[in-house]
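In what follows, a structure is listed as structure tokens, so that the remarks can point back to it.
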Amino acid sequence: MTEEERQHHNDLIHSEFEKRLDSLEKRMAEKDTQFAVINTKLSAILWGIGVIGTALIGVLVKIGFAI
């Protein structure tokens, strides 16, 4: 194999590698965005459950002292 053939072969491999890497980076960016949205929604749900739980505990304590 001549040096030119070897260089051409290396260029083809490098080009394919860059295509695969670009595809992987694009998919990872999409997944990162999806995970951020899920994380935000879960945080909001947990915050709401915390508020409701705190209110219920307050009501139960007030009822307990009223008796």
Side-chain angles (χ1 to χ4, degrees):
M1 181 181 288
T2 66
E3 185 63 32
E4 293 164 351
E5 291 173 334
R6 186 176 296 131
Q7 184 62 38
H8 179 69
H9 183 68
N10 286 341
D11 289 344
L12 288 176
I13 291 172
H14 184 70
S15 174
E16 185 65 30
F17 175 76
E18 284 183 348
K19 289 178 187 176
R20 291 176 61 196
L21 185 60
D22 289 342
S23 172
L24 177 63
E25 287 176 345
K26 182 180 177 185
R27 288 184 300 176
M28 289 300 294
E30 290 172 359
K31 296 300 178 192
D32 285 345
T33 303
Q34 290 175 351
F35 289 145
V37 169
I38 291 169
N39 189 25
T40 303
K41 288 179 181 179
L42 288 176
S43 293
I45 290 169
L46 288 174
W47 183 83
I49 290 172
V51 168
I52 292 170
T54 302
L56 286 174
I57 290 171
V59 168
L60 292 174
V61 167
K62 190 170 187 177
I63 289 173
F65 282 122
I67 294 178

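Nothing here was measured: the structure is a model prediction, and the numbers come from that model.
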Can you give each donor-acceptor pair under 3.5 Å made by side-chain atoms of residues 37-58, sequence neighbours left out, with the distance rounded to 0.1 Å?
{"unit_1": "T40", "atom_1": "OG1", "unit_2": "A36", "atom_2": "O", "d": "2.9"}
{"unit_1": "S43", "atom_1": "OG", "unit_2": "N39", "atom_2": "O", "d": "3.0"}
{"unit_1": "T54", "atom_1": "OG1", "unit_2": "G50", "atom_2": "O", "d": "2.7"}

One pair to check against side chain to side chain donor-acceptor pair (under 3.5 Å): E18 and H14. What are the steps and the verdict?
CA-CA 6 Å; E18 284 183 348; H14 184 70; 2.8 Å; yes
More than 12 heavy atoms from other groups under 6.0 Å of CZ on R6
yes
Within the structure provided, determine whether Q34 and K31 are in side-chain contact (heavy-atom separation under 4.5 Å).
yes
Atom pair NE2 (H8) and CG (L12), whose distance is rounded to the nearest 0.5 Å:
4.0 Å
So how far is it from Q7 CD to E3 CD, rounded to the nearest 0.5 Å?
6.5 Å
What's the separation between atom NZ in K19 and atom CG in D22, rounded to the nearest 0.5 Å?
10.0 Å
Tell me who clusters with M28, hydrophobic residues only, linked when side chains sit under 4.5 Å apart either directly or through other members.
L24
More than 12 foreign heavy atoms under 6.0 Å from CD of E4: is that the case here?
no
